Each structure stands twice: as structure tokens, then as C-alpha cells.
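Read through the structure below, which is laid out as C-alpha cells, and then see the notes.
Everything numeric here is computed off the predicted structure, so don't read it as measured data. Read the numbers this way: they start at 1 and go in the same order the structure lists the ligands and their atoms.
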Amino acid sequence: MQLLDGKKLSKKIELQVTDKVKMLKEKCGCTPGLAVILVGQDPASAAYVNMKKKACDRVGFYSITHDMPENISQEAIERTIIGMNNDSSIDGILIQLPLPKHIDTTKLLELVDPAKDVDGFHPFNVGRLVTNLDGFVPCTPLGVMELFKEYDINLKGKNCVVVGASNIVGKPMASLLLNQDATVEICHIFTDDLKKHTLNADIILVGVGVINLITQDMVKDDAIIIDIGVSRTKEGKLVGDVDFENVSKKSSYITPSPGGVGPMTIAMLLSNTLKAAQLNAKEKK
Ligand code: GUN
């Protein structure tokens with residue numbers, strides 16, 4: 001069994017981004033800028049935004065967080081997004097999800113300029129991903145693809161089972177795998193007999209937030225396991241969706257959680273924001 005070490009790879013990518021930021025600054029005096037919208041007091045969202053901000057500082061980006069109260073109006077958030085779309089110091093816009101129930105999330109995501117959509121959630125970028133065209137790709141599944149690349153894992157013809165069908169993770173993950181010629185199944189909460197599907201998988205990718213959803217008896221020998229879930233146990237420990245201790249004995253490669261996909265998500269946000277800044281710099285010329 002070999003660990004897919006997201007912590008190590010994310011550090012390597014951060015150093016590459018740092019170098020490219022320096023080069024961009026020297027070339028055109030541009031500093032990549034990321035603007036984040038955070039609504040309400042959800043501690044997990046606040047913690048993620050804080051980690052993203054610290055990562056921006058480490059690589060030399062400019063970043064600004066708009067902290068908004070839980071009862072903020074739809075119109076006020078829309079005005080902020082329009083301001084960011086028109087602000088040339090901002091290359092990337094990130095709306096931390098989930099948003100409160102009274103907010104129309106889709107409408108906000110569609111308002112973000114697709115050229116600043118570093119989360120890849122705008123339907124324009126979703127369409128480009130599905131049709132295998134260049135665009136912005138959601139950070140978590142993009143981070144998984146970087147891990148495959150780093151460890152020379154070829155996806156062509158592999159049976160991949162994605163567990164979870166969210167717009168943020170499962171669906172874009174499936175598109176990326178398909179674009180690399182994998183055979184892809186998406187399982188979800190209404191899938192009958194999950195084990196029947198996972199037992200056939202060369203690669204299982206799971207991100208649903210259910211502790212120990214994937215157990216040893218659900219995995220074939222030498223499968224590759226990508227754990228995208230993060231949950232907190234009653235004792236306060238962070239764990240993934242996979243029974244790591246037992247499943248790791250059977251797998252060829254496995255991501256730990258935490259320390260696997262999580263750090264890669266942040267590294268991909270940096271790399272997407274750099275890409276947006278590079279494209280914007282070209283346009284300003
Ligand atoms: N909430 C959970 N994951 C994400 C993510 O990747 N981006 C944003 N914006 N919100 C999230």
C-alpha cells in the first residue's frame with residue numbers, strides 16, 4: 001500500500017505558485033487577487049476560509065474576505081459580486097458554500113464573471129468541463145487529478161466508482177475521469193446495494209461525509225482509494241468516509257483523510273487563481 005500524500009504534493013505546488021507569482025509581478029507588476037464571500041457563522045466554513053486566506057498570504061496573493069451576517073439580503077450579496085466583477089485588482093471570486101436557506105445560490109454563482117470563477121461553479125465552466133474544453137475546474141476534483149498525475153496513475157479504461165453526486169465534487173470528478181478515458185459510475189444516496197458497485201471498482205472515490213461508509217468487504221484487492229470526505233467524530237477527531245485502518249491493508253494506493261485531498265483543494269484554488277491572474281494580465285496588455 002502506498003499513501004497518496006496530498007500534504008506533500010500541495011507544498012510542492014505552493015512553491016511553484018510562489019515562483020510564478022514572483023515572475024508575474026516582475027513582468028507586469030500584477031499581484032493575483034482573490035475575493036472571498038463568507039456568509040454567517042458556520043465554524044467549518046469560517047475555518048476553510050481562514051485556511052484559504054493563509055494560503056494566499058503564503059504565495060504572495062492579495063486577498064480580501066467579505067464577512068457577511070447570516071441575515072444579509074440576496075441583493076446585497078449580488079451588489080458585492082458585481083463590484084468584484086468590475087474590480088481589476090480581483091482575479092478570482094469565491095463564494096463559500098453552503099449559503100443560508102433564504103439565499104438563491106444558483107443566481108449568485110451565475111452572476112460571477114466566468115473569467116474570475118476560480119471555483120469552477122458557473123454553468124459556463126461546468127459546460128466547458130463536460131465538453132473537455134479548457135476552463136476553471138472545481139478545486140477538490142482537480143486536486144484528485146493532480147494526485148493521480150503525481151503518482152503516475154493511468155486512468156484509461158479503469159473502472160471508477162464515484163460515491164456522491166454533488167455539483168462541487170461528484171459530478172465534476174466523474175467528468176474529469178471520463179475525459180481521461182476511464183469508465184465511470186456515479187453512486188449516490190438512492191443507489192441500491194453500493195457494495196455491488198464498489199466491489200467492481202479499480203478506483204473508488206468517495207466524498208459524502210459518512211464516517212466508515214467504505215469498509216474492507218466493499219473493496220477488491222489492490223483497488224485505489226480516494227477519500228474526499230471529512231467529518232468530525234464525537235470525540236472531536238477528523239476522519240474521512242473510509243475505514244482507513246482496514247481498507248488500507250487491501251488497497252494499492254490510498255489517500256489519508258485528513259492530509260490527502262483536503263490540502264490539494266487549497267493548492268488548486270491557488271493554482272486556479274494564478275491562472276485567472278495570468279489570463280487577465282494578458283488581456284490588459
Ligand atoms: N464548500 C465546500 N467545499 C467548497 C468549495 O470547494 N468551494 C466553495 N466555495 N465552497 C465550498
Side-chain angles (χ1 to χ4, degrees), residues 6 10 13 33-56 61 63-68 70 72 77 80-81 84-85 90-101 103-114 116-126 129 135-147 162-176 205-210 226-232 238 240-241 255 257-258 260-273 275-276:
S10 68
I13 292 170
L34 177 72
V36 178
I37 292 180
L38 173 65
V39 181
Q41 301 294 323
D42 175 47
S45 287
Y48 285 130
V49 166
N50 191 32
M51 282 193 276
K52 290 170 185 176
K53 190 188 164 344
K54 281 188 177 153
C56 284
F61 287 178
S63 78
I64 178 164
T65 305
H66 291 261
D67 255 309
M68 298 178 166
E70 180 84 24
I72 187 113
I77 308 180
T80 306
I81 294 171
M84 293 166 166
N85 283 343
I90 299 300
D91 299 292
I93 300 172
L94 184 147
I95 307 167
Q96 185 64 32
L97 303 179
L99 293 168
K101 285 204 172 63
I103 299 296
D104 182 344
T105 300
T106 306
K107 199 166 169 217
L108 296 184
L109 296 179
E110 283 189 296
L111 194 59
V112 172
D113 179 350
K116 298 190 178 189
D117 176 33
V118 290
D119 250 334
F121 294 164
H122 190 291
F124 176 87
N125 283 312
V126 176
L129 170 59
F136 289 106
V137 175
C139 302
T140 299
L142 187 60
V144 173
M145 298 307 278
E146 284 295 315
L147 279 169
V162 178
V163 185
S166 69
N167 291 337
I168 295 181
V169 178
K171 288 186 212 168
M173 188 76 255
S175 291
L176 285 165
L205 309 99
V206 55
V208 292
V210 177
I226 306 294
D227 191 348
I228 308 170
V230 189
S231 310
R232 213 173 265 282
L238 284 176
D241 291 348
T255 59
S257 180
V261 177
M264 290 305 297
T265 298
I266 295 188
M268 292 302 101
L269 174 65
L270 299 175
S271 131
N272 279 350
T273 305
K275 174 176 168 173

*Validation row: I37, I81 side chains within 4.5 angstrom (heavy atoms)*: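 Of all side-chain heavy-atom pairs linking I81 with I37, at least one is under 4.5 Å.
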*Under a 4.5 Å cut-off applied to non-hydrogen side-chain atoms, are V261 and I226 in contact?*
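Yes, at least one pair of side-chain atoms sits under 4.5 Å.
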Note the single closest protein heavy atom to [atom], along with its residue, its atom name and the distance in Å.
atom                    : result
atom 10 (N) of ligand 1 : L97 N, 3.0 Å
atom 3 (N) of ligand 1  : I168 CG2, 4.2 Å
atom 11 (C) of ligand 1 : Q96 NE2, 3.5 Å

*Identify, by atom number and element, the atoms of ligand 1 in contact range of L94, meaning under 4.0 Å from any of its heavy atoms.*
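The atoms of ligand 1 under 4.0 Å from a heavy atom of L94 are 9 (N).
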*State the atoms of ligand 1, each with its element, that fall below the 4.0 Å cut-off from a heavy-atom position in F121.*
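Every atom of ligand 1 under 4.0 Å from some heavy atom of F121: 7 (N), 8 (C), 9 (N).
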*Indicate yes or no for a side-chain donor-acceptor contact from N85 to the backbone of D113 under 3.5 Å, with no hydrogens or angles considered.*
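Pair found, side chain donor or acceptor close to backbone of D113.
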*Of all the heavy atoms in Y48, does at least one lie under 4.0 Å from an atom in ligand 1?*
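The answer is no: ligand 1 sits nowhere under 4.0 Å from a heavy atom of Y48.
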_Quick check: closest heavy atoms across G260 and T255, and the distance to 0.1 Å?_
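Here G260 and T255 meet closest at CA-CB, 4.3 Å.
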*Out of D42, I266, D119, whose heavy atom is nearest to atom 8 (C) of ligand 1?*
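Going through D42, I266, D119 one by one, D119 has the nearest heavy atom to atom 8 (C) of ligand 1.
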*For I77, which of D104, I72, I95 qualifies under side chain to side chain contact (heavy atoms under 4.5 Å, CB included)?*
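Among D104, I72, I95, the one that satisfies the side chain to side chain contact (heavy atoms under 4.5 Å, CB included) with I77 is I72.
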*Give the contacting part of I95 toward ligand 1: side chain, backbone, both or neither, where contact means a heavy-atom distance below 4.0 Å.*
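It is the backbone that touches ligand 1; the side chain stays farther off.
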_Rounded distance [0.5 Å steps], CG in L94 versus NE2 in H66_ =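 Atom-to-atom, L94:CG and H66:NE2 are 12.0 Å apart.
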